[in-house]
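See structure below.
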Amino acid sequence: MNWRNCLPGLQRPKTVLYARYSTGLQNPRSTDDQLQDLRNRCAREGWEVIGEFKDEAISGAAGIKADVRPGFAAMLEVVEAGQADQILTEATDRLARHQRDALEIFERVTFAGARIFIPRCIDQYPCAHWRIPMDMMRQG
């Protein structure tokens, strides 16, 4: 998929990266590994990385409030301020585990004029709890 088809008129989409792992039982390097993979994707696509955000040892089921996931909240502030064209994360479950949260995220990001790009989701559509937002993206 060529980004020029999805974001016409942009020279280089301004991209924020988001990584998360769930519990203290996972390898803390996993967020660094996720971010490196995302940086590599941006380099291949020619996307400009304007920020990197992460939450460590926090479940996606915990919700999306700032007091629970400060990295996510900071990223969303950048997007809602109109500073980013897109969010890049490795999988839907990095952003949300519940359909209600997924829909809220999708609405807030699209209202800000940005998009969510999830390589695994594009390759494996539909993506579990993101089915409604993904269906909306395809329609519009």
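Below, each value reflects all heavy atoms present in this structure, side chains not excepted, and no hydrogens, waters or symmetry copies. Everything numeric here is computed off the predicted structure, so don't read it as measured data. By convention here, the first residue in the shown sequence is residue 1.
The heavy-atom pair separating Ile105 from Ala96 by the smallest distance is CD1-CB, 3.8 Å. Across Gly71 and Asp55, no two heavy atoms sit closer than the pair N-OD1, 2.8 Å. Heavy atoms only, all atoms of each residue included: Pro119 and Thr89 are closest at CD-O, 3.3 Å. The nearest pair of heavy atoms linking Phe53 to Gly51 is CE1-C, 3.8 Å. When all heavy atoms of Ala62 and Val68 are compared, the closest pair comes out as CB-CG1, 3.3 Å.
Ile50 and Val109 fall within the same hydrophobic cluster, where Ile, Leu, Val, Met, Phe, Trp and Tyr residues are linked whenever their side-chain heavy atoms come under 4.5 Å apart, directly or through other members. Under a hydrophobic-cluster definition in which Ile, Leu, Val, Met, Phe, Trp and Tyr are linked whenever side-chain heavy atoms come within less than 4.5 Å, directly or via other members, Leu76 and Ile58 are assigned to different clusters.
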Begin from the C-alpha positions of Glu104 and Ile64 and carry the test side chain to side chain contact (heavy atoms under 4.5 Å, CB included) through to its verdict. CA-CA 9 Å; Glu104 180 180 339; Ile64 58 174; 3.6 Å; yes
Hey, mind stepping through Glu90 and Arg41 against salt bridge (Lys or Arg N to Asp or Glu O under 4.0 Å) and telling me if it holds? CA-CA 10 Å; Glu90 75 166 3; Arg41 179 66 183 251; over 6 Å; no
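The side chain to side chain contact (heavy atoms under 4.5 Å, CB included) check on Glu77 picks up nothing, with sequence neighbours excluded. Here Arg100 pairs with nothing under the salt bridge (charged side-chain N to carboxylate O under 4.0 Å, His left out) rule; sequence neighbours left out. By the ring-ring contact (aromatic ring centres under 6.0 Å, His included) test, Phe72 is found to be paired with Tyr18, residues two or more places apart in sequence or in another chain being considered.
Atoms CD and OG1, from Glu52 and Thr31 in turn, are 10.5 Å apart once rounded to the nearest 0.5 Å. Taken to the nearest 0.5 Å, the OG1 atom of Thr92 stands 14.0 Å off from the CZ atom of Phe106. One distance of note links NZ of Lys14 with SG of Cys42; it measures 14.0 Å at 0.5 Å rounding. Here the CE atom belonging to Met75 is positioned 13.0 Å from the CD atom belonging to Gln83, to the nearest 0.5 angstrom. Taking CG of Leu17 as the start and CH2 of Trp47 as the end, the distance is 10.0 Å to the nearest 0.5 Å. Between the CZ atom in Arg94 and the CG atom in Leu88 there is a gap of 13.5 Å [rounded to 0.5 Å].
Asp85 places no side-chain N or O within 3.5 Å of a backbone atom of Ala114 that could act as its donor or acceptor partner. Between the side chain of Arg69 and the backbone N or O of Leu95, at least one donor-acceptor pair lies under 3.5 Å. Put simply, the side chain of Arg20 never gets that close to the backbone of Lys54: no donor and acceptor are under 3.5 Å apart.
Looking at Asp32 and Gln36, their side chains never bring a donor and an acceptor atom within 3.5 Å of each other.
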